[in-house]
Amino acid sequence: MALRLYNTMSSQVEEFHPLRDHEIRMYACGPTVYDYGHIGNFRTFIAVDMLQRFLRQSGYRVRYVMNITDLDDKIIHNAARDGVSVQQYTAKYEKAFLEDAAMIGIEQPTLVRATEHIAAMADFVTKLVEKGIAYRTDDGSYYFRIASFPRYGKLSKKDFDGMLDGARVDVDEYDKDSARDFALWKGPKPGEASWDSSIGPGRPGWHLECSVMSMQELGESFDLHAGGEDLIFPHHENEIAQSESLTEKTFARFWFHVRFLLVEGEKMSKSLGNFYTLRDLALKGHKPSSIRYLLTSVPYRNQLNFTFDGLRQAAVSVERLRGFRQRLTALSLPSGSSPEMQTLASHTSDRMRTSLDDDLNTAQAQAAIFEMVRSANSAIDAGGLNADDVPPLLAALEKFDEIFAVLNDDDGPKMKQVFDWAQSEGRDNDISAELREAMRSGQLSDADIEKKLAEMEAARRARNFKTSDTLRAELTAAGILIENTKEGVRWRRK
RNA sequence: GGCGCGGUACCCAAGUGGUAAGGGAGAGGUCUGCAAAACCUUUAUGCGUCGGUUCGAUUCCGACCCGCGCCUCCA
């Protein structure tokens, strides 16, 4: 069965096939690097990351490009406020974004930066001017003439015929032909950063970079264009207008938009006090795996209510999966295999694929893996699992984690990174007890842990429970989870 | 006002024209030196409200109530 995806352009779920066999070219609107990324940003980027992972799992070669907007009004303003260059300012936040993305399990796409494509953007404007689609105003700005593009509004389903120019826009600000015409290039303003180009000094408009860079990297027509739902209008609508006016070809075939999330039932906003960056959450002691799991647990087109209770629940769910995987690998089982377990593993894999094929229904894929975990645990308890059943079960887990990426227990080191960052920024007061607790599991080496565990086990065999309990308490305090089983003791970092 | 989305158990959250996935939490139980994990049982005759279509609707249609998004920088 083929992947079916919702296409904003057609407003319906469609079968997704790439233009070229076995190769998918996709582009996502990335961050504007003017601040640390918040969880809403990361919901979007994680959703696109999962899409990209699933496409590769499905056998496609994926060329995935993301832009870094390192040039816009807010950046220019903030850099000036801080007394640093635009480059210095954006370098800091781009680095932070990449660190955050890696921390939360996002595989890095090919990155392109606006400031590195100024000349190409100017050329693009020149071509639009030559076609009579763009025009220059007295202040050195260039605008796109929307009247030249009859299909304008087809993505956002807006009908502009009935709307009056100037209804909500300050027409007097510039001498545009129509209030709705959008800026391709903004003329220079005194005291603000400006770039020289073949069409004069100034800076590109926001929409232009995505048209230019996506086509440069992926061609004039490519398979899929992604972003947050807020980008449908005007950003993507404008990209389409510019690009298709120039090439007279379909720009992107599929438009993939991720729904905004709510935080504690309300729209995330600084004024409501429910605005969280990834680092804010880490400082409070929430692990990247918990955050990623929660963000992946609701299908991308549904509203997700991000809550601290949900974060705690996610942490437990992740632990359950990790514990199961470890249990599987630690068992000593009789040789042979059981048909039930073989079927369970293959059915689970099939169900995960079917679920994700259905417009990335991540909730159902998770349900499938949990049902497998319960059935397999039951079988283990009942002595119904054999050695040859383990590989297919592990393979199903692996297949799950290729998409969800929450099973590696490297939260401790990641939390330590956040801790180090907070210290380097002088934010010691923001470091919570929970963060210290979450990072402690990385403190002891495997050898240290094994040594203490051996001592504990020796004490238990000697029925010296006082000593063994003391050692257990020490390890637990160090963030090590210990499980005594018939197969012997096993441990993992919490 | 225009366009669009949603209201499912204590919480989060899938889903279907034929009688409600999964996770968390709670209760009881099995196992167990302790701890942890795991398993079993249990928690919505009910899916915002009121009508309609239908043999049958939570699922389709209509109205209404409530929440949310975009229309302006915003993932």
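Below, each value reflects all heavy atoms present in this structure, side chains not excepted, and no hydrogens, waters or symmetry copies. Just so it is clear: chains get the letters A, B, ... in the order the sequence lines come, proteins before strands, and each one is counted from 1.
Comparing B:rC61 with B:rG28, their C1' atoms sit 46 Å apart, to the nearest whole Å. The gap from the P atom of B:rC68 to that of B:rU30 amounts to 48 Å, rounded to the nearest Å. If you take atom C1' in B:rG46 and the same atom in B:rG18, they sit 16 Å apart, rounded to whole Å. A distance of about 12 Å separates the C1' atoms of B:rG7 and B:rU58, rounded to the whole Å. Between B:rG69 and B:rC10, the distance separating the two P atoms is 26 Å to the nearest Å. B:rU16 and B:rU72 have their C1' atoms separated by 40 Å, with the value rounded to a whole Å. The separation of B:rA38 from B:rU59, taken at their P atoms, amounts to 37 Å, rounded to a whole angstrom. Rounded to whole Å, the P atom of B:rG15 lies 16 Å from the corresponding atom of B:rA9.
By the 30° and 60° cut-offs, the orientation of the rings of A:His235 relative to A:Trp206 is parallel. Ring geometry, A:Phe251 versus A:Phe222: the interplanar angle exceeds 60°, so the pair is classed perpendicular (tilted spans 30 to 60°).
When each of B:rA75, B:rC68, B:rC11 is scored by its nearest atom to the side-chain atoms of A:Asp309, the top-ranked nucleotide is B:rC11. When the nucleotides B:rC11, B:rG24, B:rA35 are ranked by their closest atom to the side chain of A:Asn484, B:rA35 comes out on top. Comparing atom distances between the A:Lys158 side chain and each of B:rC71, B:rG33, B:rA38 picks out B:rC71 as nearest. For A:Met268, the side-chain atoms get nearest to B:rA75 when compared with the rest of B:rG24, B:rG33, B:rA75. When distances run from any side-chain atom of A:Arg351 to the nucleotides B:rA21, B:rA14, B:rC39, the shortest one goes to B:rA21. Closest approach to the A:Lys74 side chain among B:rC73, B:rA14, B:rC39 is made by B:rC73 (side chain taken as heavy atoms from C-beta onward). Side chain of A:Asn377, nearest nucleotide from B:rC40, B:rA38, B:rA21: B:rA38. In the set B:rG24, B:rC68, B:rC70, the nucleotide with an atom closest to the side chain of A:Phe233 is B:rC70. In the set B:rC34, B:rC68, B:rA14, B:rC34 carries the atom at the smallest distance from any side-chain atom of A:Arg460.
Across all strands, A:Asn302 comes closer than 4.0 Å only to sugar-phosphate atoms, never to a base (heavy-atom distances). Using a 4.0 Å heavy-atom criterion, one finds that A:Asp469 contacts the bases of the nucleic acid, with or without backbone contacts as well. Residue contacts shown for A:Leu481 are limited to sugar-phosphate atoms, with no base heavy atom under 4.0 Å away. The residue A:His257 sits apart from the nucleic acid: no heavy atom pair falls under 4.0 Å. A:Gly40 comes within 4.0 angstrom of a nucleotide base, judged by non-hydrogen atoms across all strands. Heavy atoms of A:Phe370 sit under 4.0 angstrom from primed sugar atoms or phosphate atoms, though from no base atom. A:Asp72 comes within 4.0 angstrom of nothing in the nucleic acid, heavy atoms only. A:Arg374 comes within contact range of the sugar-phosphate backbone alone, with a heavy-atom separation under 4.0 Å but no base atom that close. Across all strands, A:Ser11 comes closer than 4.0 Å to no nucleic acid atom at all (heavy-atom distances). Counting non-hydrogen atoms under 4.0 angstrom, A:Leu261 reaches a base of the nucleic acid. Contact annotation for A:Pro299: backbone-only contact, meaning every heavy-atom pair under 4.0 Å involves sugar-phosphate atoms and none involves a base. Within 4.0 Å of A:Val258, counting heavy atoms only, lies no atom of the nucleic acid at all.
The separation between A:Asn67 atom CG and B:rA75 atom C1' is 12 Å, rounded to whole Å. The interatomic distance linking A:Leu262 (CG) with B:rC68 (P) rounds to 8 Å, in whole Å. In this structure, the CZ atom of A:Phe97 is 11 Å from the P atom of B:rA75, given to the nearest Å. Put simply, CE on A:Met456 is 14 Å from P on B:rC34, counting in whole angstrom units. Counting to the nearest Å, the P atom of B:rU30 and the CD1 atom of A:Ile380 are 22 Å from each other. With rounding to whole Å, A:Ile291 atom CD1 is found 16 Å from B:rA75 atom C1'. In this structure, the CZ atom of A:Phe306 is 16 Å from the C1' atom of B:rG23, given to the nearest Å.
Using a 4.0 Å cut-off, no side-chain N or O of A:Ser297 falls inside it from OP1 or OP2 of B:rC12. Proximity of A:Arg320 to the phosphate of B:rA38: a side-chain N or O atom is located under 4.0 Å from OP1 or OP2. Distances shown here put every side-chain N or O of A:Asn41 at or beyond 4.0 Å from the OP1 or OP2 atom of B:rC74. Within the 4.0 Å cut-off from OP1 or OP2 of B:rC70, at least one side-chain nitrogen or oxygen of A:Lys267 is found.
Both thresholds, 5.5 Å between centres and 30° between ring planes, are not jointly met by A:Phe42 relative to the base of B:rA75, so the two rings are not stacked. The ring of A:Phe465 lies on top of the base of B:rG33, close enough and flat enough: under 5.5 Å between centres, under 30° between planes.
Each of A:Glu483 and A:Leu304 lies near RNA chain B, and the nucleotide nearest A:Leu304 is the one positioned closer to the 5' end. Closest-nucleotide positions on RNA chain B for A:Arg492 and A:Lys157 were compared, and the one nearer the 5' end corresponds to A:Lys157.
Across all strands shown, the partner of B:rG22 is B:rC12, judged by Watson-Crick or G-U wobble contacts whose two distances both fall under 3.5 Å. With both pairing distances under 3.5 Å, B:rA57 is matched to nothing as a Watson-Crick or G-U wobble pair. Using the Watson-Crick or G-U wobble rule with both distances under 3.5 Å, B:rU49 pairs with B:rA63. Summarising the base pairing, B:rU30 is matched to B:rA38 through a Watson-Crick or G-U wobble pair whose two defining distances lie under 3.5 Å. Nucleotide B:rC73: unpaired (no Watson-Crick or G-U wobble partner with both distances less than 3.5 Å).
Atom-to-atom distance recorded for A:Ile146:CD1 and A:Tyr152:OH is 4.0 Å, nearest 0.5 angstrom.
Formation of a donor-acceptor pair under 3.5 Å by the A:Arg351 side chain with backbone atoms of A:Ser346 is not found in this model.
On a pure distance criterion of 3.5 Å, no polar donor-acceptor pair joins the side chain of A:Glu371 and the base of B:rG22. At a cut-off of 3.5 angstrom, the base of B:rC34 holds at least one donor-acceptor pair with the side chain of A:Arg472. With hydrogens and angles ignored, no donor-acceptor pair closer than 3.5 Å exists between the side chain of A:Glu266 and the base of B:rC68.
Residues A:Met341 and A:Gly384 approach most closely at CG-O, 4.2 Å, considering heavy atoms. Nearest heavy atom pair, residue A:Arg43 against residue A:Val298, reads NH2-O, 3.4 Å. A:Met213 and A:Asn67 get closest at one heavy-atom pair: CE-CB, 3.5 Å. Across A:Ser243 and A:Ser211, no two heavy atoms sit closer than the pair OG-OG, 2.8 Å.
The cationic atom of A:Lys267 (NZ for Lys, CZ for Arg) does not lie both less than 6.0 Å from the six-membered ring centre of A:Phe260 and within 45° of the ring axis.
More than 12 heavy-atom neighbours from other residues, nucleotides or ligands sit within 6.0 angstrom of NZ on A:Lys399.
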